[in-house]
Amino acid sequence: MRSYSFRKLEDRMMISLAYAALIIALIPLISILVETVGRGLSAISFSLLLEEIPPLGQPGGGIGPAIQGTLIVVALASIMGIPIGVFSGIYLAEFRQSRFASVARFLNDVLTNVPSIALGIFGWTLIVVVIGWSVIAGAIALAIMMIPIVTRTTEEAIKLVPITIREAAIALGVPQWKTTLTVVLSSTKKGIATGILLAVARISGETAPLLLTILGSRFWFSGFTQPTAALPLAIFNFSQSPFRTADLPRAWGASLILIFIVLAINIIVRYITREKYG
Amino acid sequence: MSYKIEIQSLSAWFGSKQVLQDITMKIKENLVTAIIGPSGCGKTTLIRCLNRMHELTPRAKVTGRVLLDGEDIYSENVDPVTVRRRIGMVFQKPNPFPMMSIYDNTAAGLKLNGVADKHRLDGIVEKSLRAAHLWDEVKLELGKSGASLSGGQQQRLCIARALAIEPEVILMDEPTSALDPTAAAKIEQLIRILAENYTVVIVTHNMQQAARVSDFTAFLYLGKLVEYGLTKDIFENPKSELTEKYITGEFG
Ligand SMILES: Nc1ncnc2c1ncn2[C@@H]1O[C@H](COP(=O)(O)OP(=O)(O)OP(=O)(O)O)[C@@H](O)[C@H]1O
Ligand SMILES: [Mg+2]
């Protein structure tokens with residue numbers, strides 16, 4: 001039997017160790033935020049937000065089309081990806097033990113781990129080669145990235161809903177599909193929203209698949225079958241520019257705006273799906 | 001007095017495990033029928049077969065017939081959803097919808113089935129909560145979460161929720177097992193009152209409760225119906241030795 005004071009010491013050491021690990025994990029996170037806010041904030045101005053993208057090294061202009069492009073591509077990808085992901089998740093949760101569900105679940109997991117550049121090539125070969133560099137091609141590639149994330153988190157969230165809740169509704173003579181779409185979905189809104197957020201945040205910052213699909217542009221949106229600008233592409237281009245003094249601040253500004261967009265989506269979705277009680 | 005439910009050669013399985021064996025019994029209208037028996041003997045399974053909830057469990061199977069007003073609820077052209085609207089259920093553990101208010105919980109069955117008429121809902125909610133003897137305690141806070149009520153109140157809310165869809169039969173699975181004696185007494189009183197308008201089937205572990213609230217009692221043992229008759233006879237004059245042993249507390 002070890003002495004009480006020894007155990008207490010052991011206890012303290014474990015807690016300190018966990019504490020230290022947490023600090024180490026937080027350092028890069030906080031420094032990214034501080035750095036981005038510090039450098040990005042000074043670059044932000046009305047003209048940065050509202051003007052077309054200048055050629056590299058040129059003074060003036062902004063990143064307006066990139067903000068617009070990101071919003072459009074992400075919105076379009078979400079319109080396609082969220083319903084497909086949520087309904088696939090519902091299917092997997094409802095028909096847990098069917099053979100088809102286990103195959104689909106496996107494929108879904110594989111899809112989650114496909115590197116995004118591979119999805120870019122896929123989008124490029126199947127869509128770009130046919131209709132050209134376009135908003136649609138980018139949105140499809142990003143939607144394909146979203147689907148497995150949304151599917152998985154939706155399935156997990158639904159599985160967490162106690163069977164007693166589901167049975168309560170079914171015993172009231174509510175058809176099964178309706179039970180799922182009402183009682184079950186509404187008691188798991190938060191879980192599903194978290195999955196959607198994860199997916200949206202993830203695709204908002206994707207660069208590789210966009211390079212191969214929407215190409216990038218310096219001008220405002222000109223149609224779903226046309227190339228478009230996007231923030232990750234703008235960040236990439238500006239940060240690689242040889243004209244550092246002119247372009248690097250723009251890259252920081254664009255980064256800050258991207259972080260801000262993801263944060264704003266986060267807050268909005270959490271607000272919409274907040275629970276009345278609890 | 002007529003029979004509301006006739007159970008004919010009912011057997012039930014979970015996978016390959018048979019848990020009910022050839023049960024035949026008739027349940028009278030507007031009376032309380034109690035089902036007693038040791039833990040695991042199949043009481044819950046039996047009442048879940050009466051509103052077609054048993055088949056929701058994966059790999060569960062039922063054979064035999066259950067006649068509701070003479071019509072087999074297991075016949076092919078019967079929609080289980082319709083059966084469940086006619087035969088309401090109250091579960092062992094109170095299970096109000098946690099994300100709904102008291103009002104919405106009570107109205108849930110109607111709302112989810114498309115009733116939107118506010119006036120009509122208001123009326124039914126009040127009537128059901130009164131019938132469940134909960135109205136006076138909650139009438140001023142109908143917008144509060146159903147989960148914020150006490151256990152006994154939650155169970156009465158679940159009873160109100162079941163009553164709101166105006167079923168003909170109410171199945172109750174140990175409705176007082178999660179409650180303290182005062183709350184349990186309230187539910188027992190309620191069951192007696194409900195029997196004036198509904199056919200009530202109640203599962204209970206509590207022999208005194210069965211004796212107090214029921215008109216008929218069925219004793220189930222290892223998935224078989226051992227004895228069934230007037231509650232008075234079962235408790236004062238059991239025919240089977242097994243029944244006698246169980247009600248005198250020799251096992252169970
Ligand atoms: N979901 C299930 N899967 C497999 N077996 C089950 C399942 N539910 C119940 N059983 C089995 O079926 C038998 C009857 O169970 P049931 O729940 O009907 O008993 P009960 O009489 O209601 O018991 P209790 O008084 O403890 O509630 C038990 O042996 C139990 O192990
Ligand atoms: Mg039981």
Side-chain angles (χ1 to χ4, degrees), chain A residues 86 90-105 154-196 269-278, chain B residues 44 47-48 50-59 79-102 104-114 143-149 154 157-158 160-167 170-173:
Chain A
V86 168
I90 291 173
Y91 181 89
L92 291 184
E94 293 289 302
F95 300 93
R96 268 164 236 192
Q97 53 281 338
S98 84
R99 159 108 7 133
F100 177 63
S102 27
V103 174
R105 191 176 294 117
T154 302
E155 183 193 0
E156 294 302 327
I158 290 180
K159 276 191 190 161
L160 285 179
V161 177
I163 184 122
T164 53
I165 299 285
R166 188 187 299 261
E167 288 197 333
I170 292 176
L172 287 172
V174 181
Q176 239 168 312
W177 59 269
K178 211 177 203 177
T179 300
T180 304
L181 292 188
T182 54
V183 180
V184 174
L185 278 196
S186 74
S187 48
T188 183
K189 273 193 298 198
K190 256 190 189 159
I192 294 176
T194 310
I196 291 175
V269 174
R270 284 201 194 280
Y271 181 75
I272 296 172
T273 59
R274 76 196 179 287
E275 252 140 56
K276 218 154 111 204
Y277 311 106
Chain B
T44 297
I47 63 164
R48 284 172 66 91
L50 303 186
N51 66 342
R52 298 199 55 177
M53 295 290 285
H54 179 64
E55 67 207 48
L56 297 176
T57 310
R59 308 206 312 125
D79 179 359
V81 168
T82 332
V83 173
R84 294 179 198 131
R85 281 183 205 164
R86 293 178 63 192
I87 306 186
M89 185 165 215
V90 176
F91 295 80
Q92 188 159 351
K93 248 179 80 190
N95 58 351
F97 298 121
M99 62 293 178
M100 288 187 198
S101 65
I102 294 171
D104 286 340
N105 259 288
T106 315
L110 297 159
K111 275 190 159 178
L112 292 175
N113 280 315
K144 239 176 59 173
S145 160
S148 67
L149 297 171
Q154 285 187 20
L157 178 61
C158 292
R161 181 175 68 184
L163 296 178
I165 55 169
E166 302 184 323
I170 299 174
L171 309 172
M172 296 186 171
D173 191 355

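Note on naming: letters A, B, ... go to the chains in the order of the sequence lines (proteins, then strands), and numbering restarts at 1 for each one. Quick note: numbers below take in every heavy atom, side chains included, and nothing from hydrogens, waters or symmetry partners.
- Proximity to chain B is limited to the side chain of A:Gln176, based on heavy atoms less than 4.5 angstrom apart.
- Shortest non-hydrogen contact noted between A:Ala168 and B:Asn95 is CB-ND2, 3.4 Å.
- Atom OG1 in A:Thr164 sits 12.0 Å away from atom CD in B:Gln92 (nearest 0.5 Å).
- Contacts between B:Leu112 and chain A at a heavy-atom distance below 4.5 Å involve backbone atoms as well as side-chain atoms.
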request  = List the steps, then state whether side chain to side chain contact (heavy atoms under 4.5 Å, CB included) holds for B:Arg161 with A:Leu172.
outcome  = CA-CA 8 Å; B:Arg161 181 175 68 184; A:Leu172 287 172; 3.7 Å; yes
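- Contact check on A:Glu167 versus B:Arg84 returns no salt bridge, with no Lys/Arg side-chain nitrogen under 4.0 Å from an Asp/Glu carboxylate oxygen.
- Heavy-atom neighbours of A:Lys189 NZ from other residues, nucleotides or ligands within 6.0 Å: above the threshold of 12.
- Counting heavy-atom pairs closer than 4.5 Å to chain A, the top residue among B:Met89, B:Arg52, B:Met53 is B:Met53.
- Contact check for B:Asn113 versus A:Pro175: side-chain heavy atoms found under the 4.5 Å cut-off.
- Minimum interatomic distance between A:Ile165 and B:Pro96 (heavy atoms only, all atoms of both residues): CD1-O, 3.9 Å.
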